[in-house]
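These notes are about the structure you will find just below.
All values below come from the heavy atoms of this structure, side chains included, with hydrogens, waters and symmetry mates left out. This one's a predicted model, so the numbers in the text were calculated from it and none came from an experiment.
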There are 2 protein chains.
Amino acid sequence: MSEFDRFQREQAPSWEDICRALYRKNRNKIRIKKEEVAVRNLQRVLQAALTLSRSKGFHAMTLRDLSRATGLSTGALYSCFASKRDLHRILWEQGVLFTVRYLRDRLRNTASPVERLREAIRCHIYLSEMFSSWFCFLYMDARNLSRMEKGKAIRNEMATERIFHAILMDGMRSGEFVIQDGCLTAAAIKALLQDWYLKRWKYRRLKVTPDTYAEYVAQLVLASINGMSR
Amino acid sequence: MSEFDRFQREQAPSWEDICRALYRKNRNKIRIKKEEVAVRNLQRVLQAALTLSRSKGFHAMTLRDLSRATGLSTGALYSCFASKRDLHRILWEQGVLFTVRYLRDRLRNTASPVERLREAIRCHIYLSEMFSSWFCFLYMDARNLSRMEKGKAIRNEMATERIFHAILMDGMRSGEFVIQDGCLTAAAIKALLQDWYLKRWKYRRLKVTPDTYAEYVAQLVLASINGMSR
DNA sequence: GTCTATAGTGCGATAGAC
DNA sequence: GTCTATCGCACTATAGAC
C-alpha cells in the first residue's frame, strides 16, 4: 500500500464531512431543513457541478446540465442554493480556506525545514489528487468573481505560497538552505503543484503516481536550493 | 536596454503581420474583400476578444461586449468571422502552431544543449510576454473545443514539451546533463513557463522582469540536472 | 462595409400542484 | 421537498437600409 493510499483511507477528509460543514455554515441560504436530506443532495449537486465545470467551465454549465447530472429537477436544485451565482460562491468559499488550514495542521509536528518542505509538498499533492475537480475549479473559474471576491482569491493564492515561503526562510536561518530569491522559489513550487491537477491527463499517461511526483518536486527544489549558489 | 527590449523591437512578430497572415489563410470565411480594411478590423477584433477573454473567459464574453470594445456594430463583427464559434477557431488555430514554429526557428543556430536550453526558455518567455493574452486564451479556453480539436490541443501541448525533451536528451547523450526522468523535467519546465503568463500579476508585483525570470528558470532546471543524481 | 432593428433560441429563475 | 410548466430576458445571428 502506497503512502497516498494510506492518506486516502485514513487521514483525508470525506465529501460527507465537507458537505455537512458547508450546510451548517450556509443554513440561512439553503431551503432544505432536514440535515440528512440537505447533505445528501449537496453532495450530489456539488460533485456534479465540479465535474461539469471541469469539462466545460462553470459559466458554460447550465442548470439543465446540472439537473440531468444529479437527477434532480431545476426546481429542486434551487432548494440547495439561492442562485447559480450563489452556488459559485459556496463552492468558492468552502474550497478557499481548506488547503491552507489543512497544510498548517499537518505541518505542526514536523521537525526540520527539509522534512517540513517534503511534507507540505506531499500533502498538497495528496489533497489535490483527491479533490482534483475542486482544485481545477478554484483555478480556472476564479473569473466570474466580484471585485471583493477577487481580492480574496489573490490573498488565498498568496496564503498557500506564504506557507512555502516561510519554510524556505526557516531553512535559510538554520543554514540548511542557500536560496537566492525565496519568493521566486515559493512561486515555482506552487506552479509545479498546480500542474499536477491541471494537467492530470498528462501525468496519468506517463504513469506517474502522486508519490512519485511529490518526490520529484521535492528533489527538484532541494537540488536548486543547494545548487544555485554555485 | 534589456535583452527583452531588443527582442520586442527587432525580432518579435507584429500584430499586423499576424493578422495579415491570418486573413490570407481564412479569406473564404471572411466577408471583407479589401485586405487593408480586413487587417485593420481583425487587429482590433482579435486584440479586444483576447483581452475580454482574459478577464471573463471567451464563453462569458458576449458579442455586445466585443462590439463595445472595438467600436464596431455586431453586424460589422460578422464580416470578420462567420460565428462566435468560428472566431474561437481562428484564434485557436493561429495561436497553436505559432510557438513551436518560432522556437524551432530560433534554436537552429545554437551550439550546445545548455545554450539551447537557455535560449528556448528565454524565447518562450519573451513570446508569452508580448502575446500574454493570447497565451492565456490558449490555456484557459481550450474547453469549448470539439473532440477533434481537443486532440489537436493535446498534440500541441506535447509538441512544445517535446522541444524541451529533445534538448534534455541531447544533453544526456553528450554527457553534460544527468537526468533521472526527462519527461518529468520537460513537464516541469513547461509548468514554470506557463506560470509566467498565467500569474502575470504576481510577477509584476514582485517586480520580476522577463529576463530575470528566464534566468531563474534556467538556473533552477540546470541545478536539478546536475544535482539530482547525488 | 457598416449600421439599426429584430427574429429566434436557450438561459436562469419562479409559481403552483402534489 | 420535489416536480412540471412557464415567464422574462439576454444572447447569437440575420435582414435590409444606407
Side-chain angles (χ1 to χ4, degrees), chain A residues 19-20 23 26-46 48-49 52-53 55-91 141 143-146, chain B residues 19-20 22-23 26-46 48-49 52-53 55-91 141 143-144 146:
Chain A
C19 288
R20 198 174 298 278
Y23 172 66
N26 290 280
R27 259 205 186 108
N28 56 327
K29 294 226 181 185
I30 296 172
R31 279 218 311 273
I32 302 175
K33 287 306 155 205
K34 280 188 205 159
E35 183 163 314
E36 290 318 309
V37 178
V39 170
R40 176 170 51 79
N41 283 6
L42 271 174
Q43 215 170 319
R44 278 200 287 175
V45 169
L46 298 187
L52 286 165
S53 287
S55 69
K56 51 162 67 181
F58 185 86
H59 189 271
M61 170 193 76
T62 70
L63 294 185
R64 286 165 173 80
D65 291 335
L66 195 55
S67 162
R68 218 172 305 123
T70 55
L72 292 165
S73 67
T74 58
L77 289 179
Y78 275 86
S79 58
C80 286
F81 49 80
S83 67
K84 194 186 174 188
R85 194 176 180 71
D86 192 54
L87 172 61
H88 189 277
R89 182 194 58 78
I90 288 177
L91 282 171
D141 290 300
R143 309 179 289 194
N144 336 12
L145 285 176
S146 71
Chain B
C19 287
R20 198 174 298 277
L22 197 149
Y23 171 67
N26 291 279
R27 260 208 185 104
N28 56 326
K29 295 226 181 184
I30 296 172
R31 280 217 312 271
I32 303 176
K33 287 305 155 205
K34 281 188 205 160
E35 182 164 314
E36 291 317 309
V37 178
V39 171
R40 177 169 49 79
N41 282 6
L42 270 174
Q43 216 170 319
R44 278 200 287 174
V45 169
L46 298 187
L52 286 165
S53 288
S55 70
K56 51 164 64 181
F58 185 85
H59 189 273
M61 170 192 76
T62 69
L63 295 185
R64 286 165 169 79
D65 291 336
L66 195 54
S67 162
R68 218 173 304 124
T70 55
L72 292 165
S73 67
T74 58
L77 289 178
Y78 276 87
S79 58
C80 287
F81 48 80
S83 66
K84 195 186 173 188
R85 193 175 182 71
D86 192 54
L87 172 61
H88 190 277
R89 182 194 59 76
I90 288 177
L91 282 170
D141 291 300
R143 309 179 290 192
N144 339 8
S146 71

Quiz item: What heavy-atom pair brings B:F58 and B:D141 nearest, and what distance separates the two atoms?
Solution: N-OD1, 3.3 Å
Exercise. Quick one: closest heavy-atom pair of B:L66 and B:M61, and the distance?
Key: CD1-SD, 4.2 Å
Practice problem: Look at atom NZ of A:K34 and say whether more than 12 heavy atoms of other residues, nucleotides or ligands are closer to it than 6.0 Å. | Solution: no
For [X] and [N], what is the distance between atoms [atom1] and [atom2] respectively, to the nearest whole Å?
{"X": "A:R31", "N": "D:dG1", "atom1": "CZ", "atom2": "P", "answer": "10 Å"}
{"X": "B:K84", "N": "C:dG10", "atom1": "NZ", "atom2": "P", "answer": "15 Å"}
{"X": "B:L87", "N": "D:dA13", "atom1": "CG", "atom2": "P", "answer": "10 Å"}
{"X": "A:N41", "N": "D:dG1", "atom1": "CG", "atom2": "C1'", "answer": "9 Å"}
{"X": "B:D86", "N": "D:dT14", "atom1": "CG", "atom2": "P", "answer": "12 Å"}
{"X": "B:L66", "N": "D:dA10", "atom1": "CG", "atom2": "C1'", "answer": "16 Å"}
{"X": "A:H59", "N": "C:dG12", "atom1": "NE2", "atom2": "P", "answer": "9 Å"}
{"X": "B:L77", "N": "D:dT12", "atom1": "CG", "atom2": "P", "answer": "10 Å"}

Ignoring the backbone of [X], work out which of [options] is nearest its side chain.
{"X": "A:Y78", "options": "C:dA13, D:dT14, D:dT2", "result": "C:dA13"}
{"X": "A:V37", "options": "C:dA13, D:dA13, D:dT2", "result": "D:dT2"}
{"X": "B:I32", "options": "D:dA13, C:dG1, C:dG12", "result": "C:dG1"}
{"X": "A:A76", "options": "C:dT2, D:dA13, D:dC3", "result": "D:dC3"}
{"X": "B:K33", "options": "C:dC11, C:dG1, C:dT2", "result": "C:dG1"}
{"X": "A:R40", "options": "D:dT2, D:dA13, C:dT2", "result": "D:dT2"}
{"X": "A:K34", "options": "D:dA13, D:dG1, C:dG1", "result": "D:dG1"}

Quiz item: B:R64 side chain N/O closer than 4.0 Å to the phosphate oxygens (OP1, OP2) of D:dC11?
Solution: yes
Exercise. Hey, which sits more toward the 5' end of DNA chain C by its nearest nucleotide, A:L63 or B:G75?
Key: B:G75
Quiz item: How far does CG of B:L22 sit from CG of B:L42, to the nearest 0.5 angstrom?
Solution: 6.0 Å
Quiz item: When we call it a touch if two heavy atoms are under 4.0 Å apart, what does A:T62 touch: a base, just sugar-phosphate, or nothing?
Solution: sugar-phosphate
Quiz item: Do A:R40 and A:E35 sit within salt-bridge range, that is, some charged N less than 4.0 Å from a carboxylate O?
Solution: no
